[in-house]
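Letters A, B, ... are given to chains in the order of the sequence lines, protein chains preceding strands, and every chain is numbered from 1.
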Amino acid sequence: MIRGARQASPGAARLFRHSRRLCSNRSRNGVEGPGTGKQDADGIHERGGEEGPHAGRIPPEVLLGMPPPPPGQRGGDDDDGENLRFASRYRSRRKYFEELSLEVDRIVKILLQDGPGFSARQALDEMNLRVSNELVREVLSRIVVSVDSVNRERFPRLAYKFFLWAGQQEGYHHSTGMYNLVMKVFAQCGEVKAMWRLLEEMTENGLSISARTFHLLICTCGQAGLRRRLVERFIKSSSFNYRPFRNSFNAILHTLLTIEQYSLIEWVHQKMLMEGHSPDVLTYNIVMRAKYMLGKLDQFHRLLDEMGKNGLTPDLHTYNILLHVLGKGDKPLAALNLLNYMSDVGCVPSVLHFTNLIDGLSRAGNLEACKYFFDEMMKKGCEPDVVCYTVMITGYVAAAELEEAQKLFDDMLVRGKLPNVYTYNTMIRGLCIVGEFDKACSMLKDMDLRGCTPNFSVYSTLVCRLRNAGKDAEANNVIKYMANKGQYLHLLSRFGGYRRC
DNA sequence: TTAGGGTTAG
């Protein structure tokens with residue numbers, strides 16, 4: 001047993017599981033199911049011993065970004081040579097990734113042993129590795145996904161030790177992406193000062209700074225004042241890799257949108273105008289979304305007008321937000337006109353547009369219009385997907401029309417659309433609302449049967465609703481069910497014993 | 001990381 005691994009936290013165990021995680025069948029909600037591999041006494045999963053086409057390693061077709069050609073599909077004498085070349089390339093790439101994965105395993109083991117009496121640096125030197133971008137990225141990525149509350153002091157040090165060592169190897173230079181990965185480890189562990197030091201180092205080394213760097217840093221700024229200062233720094237920075245200036249502003253605005261900093265978007269937009277940079281469609285779309293989120297609908301419409309006056313043509317994103325706004329404002333007729341207009345100007349509405357509209361209408365409580373557009377969408381040959389179904393179901397659940405919700409739920413199964421964790425959560429909540437607790441509980445099991453791993457919210461919804469209905473025994477059964485599967489044990493305390501939610 | 005859509009409760 002390696003030293004270091006003996007005290008392995010679940011995060012340390014994940015360091016070894018990560019490559020398998022990539023090749024395992026992830027559940028539809030993106031939440032890991034319980035590990036199925038063998039475990040040793042320390043909780044570190046052994047490699048191998050699995051069956052199936054993806055056992056133990058990243059499927060090469062995933063890494064290659066292309067599927068292997070199905071046997072027989074590329075037949076014909078002329079294709080034989082190409083098939084052979086493809087197969088050979090495929091095999092050599094697979095071998096490369098298998099070897100890479102083994103090297104990463106060894107490096108991780110060495111890093112975990114680092115401490116008094118063991119120099120990880122020396123052990124890494126002795127490996128005589130050829131350091132590549134892929135190798136460094138994979139090691140750092142494993143650390144990123146393995147950080148937890150137990151190792152959050154140790155892992156940044158290990159990551160940085162490896163990062164420093166790798167940066168000193170001949171023929172290898174850290175890229176912006178690699179700095180971002182270490183920064184991500186620091187961010188996860190609250191090492192804010194270290195992140196800023198890395199930023200300085202990137203600048204000193206002449207590396208460009210990306211929107212990702214900005215994203216990582218802005219998330220560490222707790223105060224609005226700090227966020228503004230960071231924005232200013234990025235706008236002025238010659239190493240920020242977006243030029244001309246409008247693109248720098250747009251990159252910043254877009255990042256702010258992803259972290260829901262709507263007021264800051266307004267501020268940056270004003271700054272952009274004051275500095276004389278003209279907005280483009282992307283700028284308008286982002287700022288309009290921010291205005292909508294802030295409830296400033298008058299300004300939203302003013303911007304829309306202004307956009308047209310400035311000669312900018314709305315794009316599919318503009319239509320998306322506009323349809324949602326019309327739906328939320330319960331304006332189905334205007335929405336219908338807009339959909340027709342979109343088709344006329346060659347921007348054919350997609351399932352996303354219909355979903356956005358239906359979502360808005362459902363929030364406005366106009367289920368009749370939701371159903372109308374849902375049917376219209378299908379008439380136009382646009383197949384509703386799981387999100388669209390879920391939006392419709394959510395509308396019916398909100399109106400406590402469970403029969404309709406159930407019909408849609410059944411319909412999506414018939415049409416081969418698998419419900420996901422959002423859909424189940426909504427159905428379970430709806431069934432609880434109308435007092436159908438037995439059905440709600442059986443739906444939880446149905447999820448598992450269909451390979452959809454419940455997330456903690458699903459359990460939480462069910463437990464809280466059961467408790468609020470005075471069904472403490474049933475609630476405890478759900479908690480036991482969850483615990484028996486070994487899921488979310490670290491969150492068990494949130495249920496707070498036997499009290500009501 | 002220059003883009004789109006969905007749940008809940010805390």
Side-chain angles (χ1 to χ4, degrees), chain A residues 28-29 176-177 180 184 209-216 218-219 240-244 246-259 279-290 292 314-324 327-328 347 349-363 370 373 377 382 384-398 405 408-409 412 417 419-433 440 443 447 452 454-465 467-468 491 493-496 501:
Chain A
R28 269 165 282 145
N29 54 8
T176 299
N180 287 345
K184 169 85 176 163
I209 297 163
S210 68
R212 174 75 180 153
T213 323
F214 174 70
H215 179 251
L216 288 163
I218 194 104
C219 288
F240 189 38
N241 62 0
Y242 290 92
R243 284 294 181 265
R246 180 170 62 199
N247 295 347
S248 291
F249 276 103
N250 279 351
I252 286 167
L253 286 168
H254 178 253
T255 301
L256 295 175
L257 188 68
T258 64
I259 57 169
D280 60 8
V281 178
L282 175 61
T283 323
Y284 274 105
N285 288 345
I286 293 170
V287 180
M288 276 161 56
R289 188 170 286 275
Y292 165 71
D315 65 7
L316 72 171
H317 301 282
T318 324
Y319 291 125
N320 231 345
I321 175 87
L322 191 49
L323 283 165
H324 183 82
K328 185 93 182 290
C347 182
S350 70
V351 64
L352 274 95
H353 292 104
F354 280 102
T355 307
N356 257 311
L357 170 59
I358 292 169
D359 184 37
L361 287 164
S362 134
R363 287 170 200 271
C370 291
F373 285 110
M377 177 176 70
C382 192
D385 60 11
V386 58
V387 180
C388 192
Y389 268 109
T390 306
V391 166
M392 283 293 291
I393 290 170
T394 306
Y396 284 120
V397 163
L408 278 165
F409 185 82
M412 71 185 287
K417 300 284 183 288
N420 64 18
V421 73
Y422 286 80
T423 329
Y424 276 109
N425 199 3
T426 304
M427 280 302 294
I428 288 172
R429 188 168 42 90
L431 289 164
C432 289
I433 287 170
M443 197 151 263
M447 279 181 86
C452 178
N455 60 17
F456 185 72
S457 294
V458 173
Y459 289 115
S460 177
T461 300
L462 193 49
V463 168
C464 290
R465 299 256 173 195
R467 281 178 173 171
N468 287 342
L491 297 175
S493 59
R494 290 215 195 157
F495 287 129
C501 297

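Straight-line distance from the CD1 atom of A:I393 to the P atom of B:dT8: 13 Å, rounded to whole Å. Atom CG of A:L282 is separated from atom C1' of B:dA3 by 7 Å (rounded to the nearest Å). What separates CE of A:M288 from P of B:dA3 is a distance of 17 Å, to the nearest Å. Between the CG atom of A:N420 and the C1' atom of B:dG5 there is a distance of 12 Å, rounded to whole Å. In this structure, the CG atom of A:L491 is 14 Å from the P atom of B:dG10, given to the nearest Å. Between the CG atom of A:L431 and the P atom of B:dT7 there is a distance of 18 Å, rounded to whole Å. In this structure, A:D385 places its CG atom 15 Å from P of B:dG4, rounding to the nearest Å. Note: CZ (A:F495) to C1' (B:dG10) measures 12 Å, nearest angstrom.
Residue contacts for A:S210: at a heavy-atom cut-off of 4.0 Å it reaches no nucleic acid atom on any strand shown. Within the 4.0 angstrom heavy-atom criterion, only backbone atoms of the sugar-phosphate kind lie near A:T426; the bases stay farther away. Note on A:D315: a base of the nucleic acid sits closer than 4.0 angstrom, heavy atoms only. Contact annotation for A:L316: base contact, defined as any heavy-atom pair under 4.0 Å involving a base atom. Across all strands shown, A:V351 has heavy atoms under 4.0 Å from base atoms, whether or not it also approaches the sugar-phosphate. Within the 4.0 angstrom heavy-atom criterion, only backbone atoms of the sugar-phosphate kind lie near A:V391; the bases stay farther away.
A side chain to side chain contact (heavy atoms under 4.5 Å, CB included) with A:T390 holds for exactly one of A:T423, A:V397, A:L408; it is A:T423.
Nearest heavy-atom pair, A:P454 versus A:Y459, reported as atom, atom and distance to 0.1 Å: CG-OH, 3.6 Å. Of all heavy-atom pairs spanning A:A405 and A:I393, the tightest one is O-CG1, 3.9 Å. Heavy-atom minimum distance, A:K417 versus A:P384: CE-O, 3.2 Å.
Annotated as anti: B:dG6, whose O4'-C1'-N torsion sits more than 90° from 0.
The salt bridge (Lys or Arg N to Asp or Glu O under 4.0 Å) analysis of residues 248-258 of chain A, with sequence neighbours excluded, yields no pairs.
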### Task
With ring pair (Phe, Tyr, Trp, His ring centres under 6.0 Å) as the test, would you mind laying out the steps for A:F495 and A:F456 before giving the verdict?
CA-CA 11 Å; A:F495 287 129; A:F456 185 72; 5.2 Å; yes

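Each of B:dG4, B:dT1, B:dT7 was ranked by its minimum atom distance to the side chain of A:H317; first place goes to B:dG4. Out of B:dT7, B:dA3, B:dT1, the shortest distance to the side chain of A:H215 is found at B:dT1. Nearest to the side-chain atoms of A:S457 among the listed nucleotides B:dG4, B:dG6, B:dT8 stands B:dT8. Checking B:dT7, B:dA3, B:dG5 against every side-chain atom of A:H254, the shortest atom distance belongs to B:dA3. Proximity note for A:C388 (side chain, C-beta onward) versus B:dT1, B:dT7, B:dG5: the nearest is B:dG5.
Ring pair A:Y389/A:Y422: centre-to-centre distance not below 6.0 Å.
When the side-chain nitrogen and oxygen atoms of A:R429 are compared with OP1 and OP2 of B:dT8, one or more of them lie within a distance under 4.0 Å. For B:dA9, the OP1/OP2 oxygens have a side-chain nitrogen or oxygen of A:R465 closer than 4.0 Å.
Side-chain atoms of A:H353 come within 3.5 Å of backbone atoms of A:L316 as a donor-acceptor pair (strictly under, hydrogens ignored).
You won't find any donor-acceptor pair under 3.5 Å spanning the side chain of A:N320 and the base of B:dA3, going by distance alone.
Aromatic ring orientation, A:F409 versus A:Y424: perpendicular (interplanar angle above 60°, classes split at 30° and 60°).
A heavy atom closer than 4.0 Å to some atom of DNA chain B occurs in A:T355, A:N356, A:D359, A:R363, these being the qualifying members of residues 354-363 of chain A.
The aromatic ring of A:H324 is not stacked on the base of B:dG5, since the criterion of ring centres less than 5.5 Å apart with planes inclined by under 30° is not met.
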